[in-house]
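Shown next, in structure tokens, is the structure this report addresses.
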2 protein chains.
Amino acid sequence: MENLKLKAFIPLFYLVWSDDLLSQKEFLTLQKFIVSQSWLSKEEQESLLSKIAVSSPPSREVVANWKSEIEIILQKNPLTRSLFDISILLSENDRTISDLKPAFVKLENDLGISGEEAMADFETIANTFTSNYQTSNRFEIEKLTQILDGKQAEIIKKVKSVISRPEFAYETPTDTAVYREKVYEWCKILADENLGNMGYPKQYGGGGNIQDYFAIMETLSYHDLSLVIKFGVQFGLWGMSIQSLGTEKHYSKYLKDIGSLQLPGCFAMTETNHGSNVKGMETTATYNHKNQTFTIHTPHEKAQKEYIGNAAVHGQMATVFAKLIIGETDYGVNAFIVPLRDTNSTILKGITIGDCGLKMGLNGVDNGTIRFDNVVIPKENMLDRFASINEKGEFESPIPSDNRRFFTMLGTLVGGRIGIPRSALAAAKSGLTIAIRYSNKRRQFGPEGGSEVPILNYRIHQRRLLPLLAKTYAIHFALQYVTNRFVTKSESEMQEIEALAAGMKAYSTWSTTAILQECREACGGKAYLSENRIDALKNDTEIYTTFEGDNTVLMQLVAKNRLSEFRKSFGKMDAMGMINYVYENAKTAISEKNPIVTRKTDDSHLIDEEFHLQAFQYREKTTLASAAKRIKKLIDSGLDPYDAFNIVQHQMIDVAQAYLERVVLEQFQEAIQVIEDKNCKEVMLKLYQLYALSQIEKNKGWYLEDGYMEAVKTKAIRKMVNQLCWEIRPDAVSLVNAFDIPDSCLAAPIAF
Amino acid sequence: MENLKLKAFIPLFYLVWSDDLLSQKEFLTLQKFIVSQSWLSKEEQESLLSKIAVSSPPSREVVANWKSEIEIILQKNPLTRSLFDISILLSENDRTISDLKPAFVKLENDLGISGEEAMADFETIANTFTSNYQTSNRFEIEKLTQILDGKQAEIIKKVKSVISRPEFAYETPTDTAVYREKVYEWCKILADENLGNMGYPKQYGGGGNIQDYFAIMETLSYHDLSLVIKFGVQFGLWGMSIQSLGTEKHYSKYLKDIGSLQLPGCFAMTETNHGSNVKGMETTATYNHKNQTFTIHTPHEKAQKEYIGNAAVHGQMATVFAKLIIGETDYGVNAFIVPLRDTNSTILKGITIGDCGLKMGLNGVDNGTIRFDNVVIPKENMLDRFASINEKGEFESPIPSDNRRFFTMLGTLVGGRIGIPRSALAAAKSGLTIAIRYSNKRRQFGPEGGSEVPILNYRIHQRRLLPLLAKTYAIHFALQYVTNRFVTKSESEMQEIEALAAGMKAYSTWSTTAILQECREACGGKAYLSENRIDALKNDTEIYTTFEGDNTVLMQLVAKNRLSEFRKSFGKMDAMGMINYVYENAKTAISEKNPIVTRKTDDSHLIDEEFHLQAFQYREKTTLASAAKRIKKLIDSGLDPYDAFNIVQHQMIDVAQAYLERVVLEQFQEAIQVIEDKNCKEVMLKLYQLYALSQIEKNKGWYLEDGYMEAVKTKAIRKMVNQLCWEIRPDAVSLVNAFDIPDSCLAAPIAF
């Protein structure tokens, strides 16, 4: 089109033939328009009509030339803002054309062409703020690592140096037998480094440091997770069961060899038919006074011990839980040391071992089943700290109730419910490090004409990963707190700490499952390749949500504990009084609500720690009161308490969740208060705010239903969550780097 | 205690020493009480005090005897309702005792003992309704299966009979090479049965039945999922790319051999650097007019084809997507047939194949990378339905825009986005069948003194599984609908159907991921064992959420399509007008809200289909309007549209979600309307109600924020969801049995 006037049609023609599919009717509109323009000669009209004949579209070159003509105009005139302005410039400011503005604009409307969108199509060098955003260094990573590691920095450093050695290099574990041996060898190296016996008393060759033991568990979890579970079975479950349930004679006989892995062993509690309801187990230990022995027996197939780590290959002994029978009387569950294999790994008479075979993950751990066919063990093999048989052959215990005794025994084993959530935490840190580093580097899509943009610059990607990063930091501090409480516990705190550990086990492991799921999806196909390890992290930790206590069952226990905590604090009340108290208490909280606060949306209020704590506490109190009230009502109406508790199970999960969220929030707040470094404190504060507000956002249905917040406020919170994600994004890579996971452990090619 | 009066203390003593841990202070309270009772002699007091000395607890037998004395009383007097009543009966109605009621009740309160809870402890034969609930047969399973299978019943039956043959027995696939060969052999059997070529035209040896082809994909997914993906790569991606993008000369040359698996091939689109943004791919096809050839070339390592199924081992040819270069000009992405291996499986010159190695799942599929080093192919290998090179060596296409041409080509391949969600659906059905059957059988915990209860009787377990079962049925009908729309599509519907398929692909695959996660956790440790197959179902389908289009990216596309659907319907409007229209439209909807409806909570209203549809439609319209408004505002404020769309990404997901939920709801409603069998209709109606209300419950935060519902209503909905779960529970096993998955496919021991 050398005719300048005709060039005014180029923008429309280009749009007609490029992306957008115009209908026949709209082609007709355009044709009619051309024919109706009296300033065009017949020849000019025909020339124009030939360019928009549906039967013979212009060649691709013609369309490309139109586009480049437009682009040249736009480069020379960067302030051009409308299609018609382009037309004027293409016609070199022809007067006829400039007078046609109303007609052309009407035509654009008739064709359904949006000027704004069309202009965006023409932008050649897009310089959007989304594309320009990037990682920056706003705090010293090492300082944050120090804050995370705290007093355990030294042992963490040691463990990292051990697992970074060449002999700890990952191998592709397709052959289970090879994998199991590799993991066993790794455990031996750790034992040689005196890492396994860290929690045992010094007089039995141990390190006498439980805090360090948990830090070891957590740090090992940056490496292969089969290793950490095998380690935990041997030194935690097996060794600690001796230490917690046995007495001096057992300590001196076994602990040293367990700590050095001379004596590999198992913790045989779960049975096929009794997992969560382990109190119902059916294995028996029948006392024979004459021979001073016990006979351990599996009455039927479904009473076999199942999923027992170390059983299928390496275990030489096991702590076996069984119902003690004396004469005709069942004295409830007690624990016994039962040999399984001799030192040549030959399985002993009466013992039948099964192999659990291939599992979803943790295939480096030799889980197995164990059946006992009247296996006789000496009397001294009873772990007799909480119950024993006297010289007359009579049962003795300071805790007469079988039930209470069993739960007291279990209570001493609560360490597993600290080790597992801390291991889960480390796995979440690995997943987030891989996913966030990859998202910072992986580019996909971009503005028209601009280069592709790191996917972490996309708001939805930030939304997917950054609240989870905040939650991971939050859980880090909460688990430090649980560990401290556990290590310094007094007798009277035990029930509370048991519930807290059970709850945090559920909270942390569920969080890890959700985080690794998001990391997998956020990294697309790359995360499906085993080389990038999200595969193993996900599958290995998958069982965390149901072993060491099924999370859903644990949450019910936590909620029941919360109900009874009230009763303890107000010992003088009966159930009715207690429930009334809880309810009255919550009513007070309700009266705290006032329309100014329920609608308050200024930024300084939304990020205020006091506001967060009150909101979390309010939810905690109110869910508890409401569950209490409901149970009371149901029982009053004549329901069996068992049926009543069944009906409120769903609410009980809320009760437990609200309690745990409050604890986690509080610990995050307290952890930040003691940070001295200004820059670290600043970024941690933002991360804390993101945790607090994204939890409230998650629970917004509850807050709105309750009336504690109004819509204007929950909407403002959603915006603030988006804003915090955006503000934290430049620090995201530094924040995962502060986890300081050894490169050889991380290993995923996409993370480097 | 032979002294009858003293027996009145037995209930208290028993409670003091059994489960509940009384504090020192409370022991003191009890001691003081005894000392203060003047009707007791000094000796009697001392005898009583000796039973509650903290330093010397009673033996376990003594406590057990107390319990059995109490139990005998309760068996004889089943109406006993309080602790003190037991005391009276134990004292054989001693007058002194019966006069002491106020004192004893006060003591109970002082000790913080709850009479109700204590009484529950004593119940020996609990007969709760939770324990008595069970599976029943309220409809004919075969009839429901017929409804599900519809017109594809015959082909479904055929596929099931083939995959139930002994040669399809699962093998433990630890050796990838063996596994890949096994899957390839299975595909050959399916090809021999004329199942692979079902979708191809009859004149090229095919079955000419796309509906049946999709039913085959879905039914095969009850078996090993590597098989279905390998099958889909060969007959779907590879074969259909020839059929959709090629012309007659390609059909006659290739389709028959592809359908018989004589010619295994690949679909080589994705590159390492370009997955979601596949338009940016960098592989080139340079045309040489002199030789009438193309040269296919990979310019750098990250431009290699990646994750390509059939590439690592079996593929002899591939449909390769590459940018066509003629002279200096880039004509955008086009498709070419490129040979990879000769018939002896020797890799051809210029081709470099990599192996993707071990993956999270689908290890029976040989995914690989492909690099081309100046590979020359004849001109006729260009798939030239949408673009070709004429005799003069010039590019020709009816679609001048490279962009539009590429998306038109992709549009013809939308079948993959129907096959994958249907495969995902089948995997969800398998998972639910295993988990629900197991939950109906697995017993754990129970009322005091009663036997253990099937875990599916627990409300929380119902809550976890049954809404997912309802959702699976809902998705079944929605995917039937999408398939029908696809098969009968007209040109003008294509964009809508592409968006619908993309959206349902995301909806169904995300649902499956969530369902299998829940099934895994709901079955505890058993689901961690590979023998129970949830392992494989989970890991094999894990990639479904990100392949065939990343779900998050697809949801953005769906939302954008929803915005432009409006523009199309009201073609005369510009963007501003369109957004105003959407907004006005929603305002009308808002004015529909009235306080009677927002608070209406009667049962008949809550289960009313009209109420559901209106609520879903309202959400669909409002989220769309709100996103449109926000984008408009952002652009008006001077933001680049790219930045503006980035800011609303989170809302765009809502827009797509609300649209899909409405479609799924509508299809579920319509499917039920045509059910004739009364019993089937009844149970499906309940299931439908559960789907509708559990979706509203999931979105309750949104409805409350919007004001469309008030708290009293969302609370009533939660209750109704619980109630529906309870009511559906007896049908749950029949409902999964109606999926009619062959036993040999299900295979999991816990499901039988």
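Naming convention: chains lettered A, B, ... in sequence-line order (proteins, then strands); numbering from 1 in each chain.
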Test item: [X] and [Y] side chains (from C-beta on) under 4.5 Å apart, heavy atoms:
X: B:D550; Y: A:E521; answer: no
X: A:R459; Y: B:H650; answer: no
X: A:R464; Y: B:T552; answer: yes
X: A:L362; Y: B:Y528; answer: yes
X: A:K700; Y: B:L704; answer: no

Is [X] in contact with chain B via its backbone, its side chain, both, or neither, using a 4.5 Å heavy-atom distance?
X: A:I647; value: both
X: A:A527; value: backbone
X: A:W702; value: backbone
X: A:E306; value: side chain
X: A:R443; value: backbone
X: A:T329; value: side chain
X: A:L639; value: side chain
X: A:T513; value: side chain
X: A:Y331; value: both

Side chain, backbone, both or neither: which part of [X] has a non-hydrogen atom closer than 4.5 Å to chain A?
X: B:N539; answer: both
X: B:V553; answer: side chain
X: B:Y307; answer: side chain

Contact winner vs chain A - [options], heavy-atom pairs under 4.5 Å:
options: B:N722, B:D402, B:I543, B:L529; answer: B:I543
options: B:G525, B:G524, B:A536; answer: B:G525
options: B:N532, B:T270, B:T272; answer: B:T272
options: B:E396, B:E710, B:K713, B:K538; answer: B:K538
options: B:R405, B:K526, B:H461; answer: B:K526
options: B:E394, B:K359, B:Q556, B:M652; answer: B:K359

Salt bridge present between A:R520 and B:E542 (N-O < 4.0 angstrom):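 A salt bridge links A:R520 with B:E542.
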Could you work out, with side chain to side chain donor-acceptor pair (under 3.5 Å) as the rule, every residue matching B:K279, not counting sequence neighbours?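 If we apply the side chain to side chain donor-acceptor pair (under 3.5 Å) test to B:K279, skipping adjacent residues, the hits are B:N403.
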Does either side chain, that of B:H274 or that of A:E452, offer a donor lying less than 3.5 Å from an acceptor on the other one?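 Their side chains do contain a donor-acceptor pair, which is all the 3.5 Å distance test asks for.
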Do we see a donor-acceptor contact under 3.5 Å between the side chains of B:E705 and A:T714? yes
Is a side-chain donor or acceptor of A:N646 paired with a backbone partner of B:Y458 at a separation under 3.5 angstrom?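 Absent.
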Look only at the side chain of A:N277 and the backbone of B:Q444, and say whether a donor-acceptor pair between them is shorter than 3.5 Å. no
